[in-house]
Protein chains: 2
Amino acid sequence: MTQPSNADTLPPTARTQVKRVPQRGNYDRQQVYDILDEGLVCHLGFVASGQPFVIPTAYGRLEDTLYIHGSPASRMLKTLDQGVEICLTVTLLDGLVLARSAFHHSMNYRSVVLFGTATRVNAPDEKLTALKAFTDHVVPGRWAEVRPPNPQELTGTLVLALPIAEASAKVRTGPPIDAPEDYALPIWAGEIPLRLQAEGPVTDSRCQPNLTVPSYAENYGR
Amino acid sequence: MTQPSNADTLPPTARTQVKRVPQRGNYDRQQVYDILDEGLVCHLGFVASGQPFVIPTAYGRLEDTLYIHGSPASRMLKTLDQGVEICLTVTLLDGLVLARSAFHHSMNYRSVVLFGTATRVNAPDEKLTALKAFTDHVVPGRWAEVRPPNPQELTGTLVLALPIAEASAKVRTGPPIDAPEDYALPIWAGEIPLRLQAEGPVTDSRCQPNLTVPSYAENYGR
């Protein structure tokens, strides 16, 4: 939810200005953070040899920095590590919008598009902080209970930081908007809300006996 | 599910070959179709003025063609209509994978990455067929009940076709894979399955009275 104390605005740029249906555009920093924090996977776009690539990957946020990570052998991370332009998009699909006309069918969603270049995180303590943000973004509370990275794993993880400075949100909510004359049609119209829902956790068969399922796994997302 | 009668293979190219964790890569045409058909939103990547853009958009599939559509005024569609290279990615997030070590946390997912260039669909009947595929992809059965596009709406919709020829799927399933010595740790590990779930449909307050909610809306995804 928007917190007045963080009611900062990200100044729109030529890249982030929402052109199609501009009333759906939003440059409120807190709104951008809320969408990033609720999402689990981003789609990361970059250009290599003139060719666009869009790769799904997990991420974490710490204040105004977004972190991604992976193997130093990753083609994507090696490319991003060279400072190429990135477009990182997170989309939350909130529902299907069924109008009376085929033409006005739509979807309710919240999305963020973030532009920038990444820099490599080298300092081991910042790297650890980023990885904690990463783990706790996906499963809040998990970091405190797991075996932390050892020096070899820390070396074997490339962490990149992307400033959340040039970004915009785009949001559609609400019922279908039909052409005025179509509201008289005897066609059902409305929304089908969608939600990414967790099902009951599946304990690894190789777990030590008598371990309790942690409440953050038992009640994930609730 | 893979159907033997369609057990065609998409020949891997330099762009589609899965490099990181190659055993997760898959070039089975039916598997690619299944992921595309289950997804609702793709992330479409393209380059404009050297800058990557990644835009979420809906899509439809008809045999070996993927259709996208939108307003002829859309910056994205105008760019794609010029035949620029596209990378289109669909990701289904199936679960969170909680390992004993922070390092081995992962996600279960199925994704498709599709490369190619789009061509504009001009013939009105192919355009209608594409829009039907589009609507019925999102809500199976919906097209037959709605007011079809009139000539003005058909003109006001730009439909682009992308051949499903150069694509790969990437899939991770199953429990966490920890380092051998970590299995002795008294840390709960397992999967939290995730599913995009429909909630009860919300009837538009401007609907004509006494309309029944269609079963495809009432039981969406079930």
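Quick caveat: nothing in here was measured; it's all calculated off a predicted structure. Below, chain A is the first sequence line, B the second, and so on; all start at residue 1.
Contact tally against chain B (heavy-atom pairs below 4.5 Å) for A:Ala198, A:Gly221, A:Pro175, A:Pro149: the top residue is A:Ala198. By number of non-hydrogen pairs under 4.5 angstrom with chain A, the leading residue of B:Ala102, B:Gly45, B:Pro193 is B:Pro193.
For B:Val113, the part lying under 4.5 angstrom from a heavy atom of chain A is the side chain only. Of the two parts of A:His43, the backbone and the side chain both hold a non-hydrogen atom closer than 4.5 Å to a non-hydrogen atom of chain B. Residue A:Ala48 does not touch chain B at all, counting heavy-atom pairs closer than 4.5 Å. Heavy atoms of A:Val213 lying under 4.5 Å from chain B belong to its backbone as well as its side chain. With a 4.5 angstrom heavy-atom cutoff, A:Leu98 touches chain B via backbone and side-chain atoms both. For A:Arg100, the parts lying near chain B are the backbone and the side chain together; criterion is any non-hydrogen pair under 4.5 Å. Within the 4.5 angstrom heavy-atom criterion, atoms from both the backbone and the side chain of A:Ser74 approach chain B. When heavy atoms are compared at a cutoff of 4.5 Å, A:Tyr183 approaches chain B by way of both its backbone and its side chain. Residue A:Glu145 touches chain B through its backbone alone, counting heavy-atom pairs closer than 4.5 Å.
The backbone N or O of A:Gly50 lies less than 3.5 Å from no partner atom in the side chain of B:Glu85, so there is not a single donor-acceptor pair. Side chain of B:Gln208 to backbone of A:Leu185: no donor-acceptor contact under 3.5 angstrom is found. Looking at B:Thr91, its side chain never comes within 3.5 Å of a backbone N or O of A:Pro56 through a donor-acceptor pair.
Under 3.5 Å, the side chains of B:Trp188 and A:Thr212 contain no donor-acceptor pair of N or O atoms.
Taking the side chain as every heavy atom from C-beta outward, A:His105 and B:Val146 approach each other to under 4.5 Å.
Ion pairing between a basic and an acidic side chain is recognised when a charged N comes within 4.0 Å of a carboxylate O; A:Asp178 and B:Arg147 show no such pairing.
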